[in-house]
Amino acid sequence: MGAPTKPAESLVEPEPSEAELAEIEAAWEAEVLWRAKEHEEGRAESIPWEQVRAQLFGKLS
């Protein structure tokens, strides 16, 4: 006998409701505003994409 399998429907997550979408959007907005405030007040700094890319993927020639 093979391993038990699940129906394909059980592998797909249901679409979030309108209320869940609104909650997710509000959480992202709060996060973005918090990060912007941290940056503006000098408690966080930006790292140029070129530097991040080089650290992640190595320098591109």
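Other residues, nucleotides and ligands place no more than 12 heavy atoms under 6.0 Å from the CD atom of Glu45. Annotation: Glu38, atom CD; neighbour count of heavy atoms from other residues, nucleotides and ligands within 6.0 Å is above 12. At most 12 non-hydrogen atoms from other residues, nucleotides or ligands lie less than 6.0 angstrom from CD of Glu18. Other residues, nucleotides and ligands contribute more than 12 heavy atoms inside 6.0 Å of the CD atom of Glu50.
A continuous path of ILVMFWY side-chain contacts below 4.5 Å connects Ile47 to Trp49, so both sit in one hydrophobic cluster.
Every residue two or more places apart in sequence or in another chain that forms a side-chain hydrogen bond (donor to acceptor under 3.5 Å, both in side chains) with Glu41 is listed here: Arg43.
Side-chain contacts under 4.5 Å among hydrophobic residues (ILVMFWY), followed directly or transitively, place Trp28 together with Ile24.
Between the CD atom of Glu25 and the CD atom of Glu29 there is a distance of 7.0 Å, given to the nearest 0.5 Å. Distance check, rounded to the nearest 0.5 Å: CD of Glu15 to CD of Glu20 gives 10.5 Å.
Of all the heavy atoms in Ser46 and His39, the pair that sits closest is OG-NE2, 2.9 Å.
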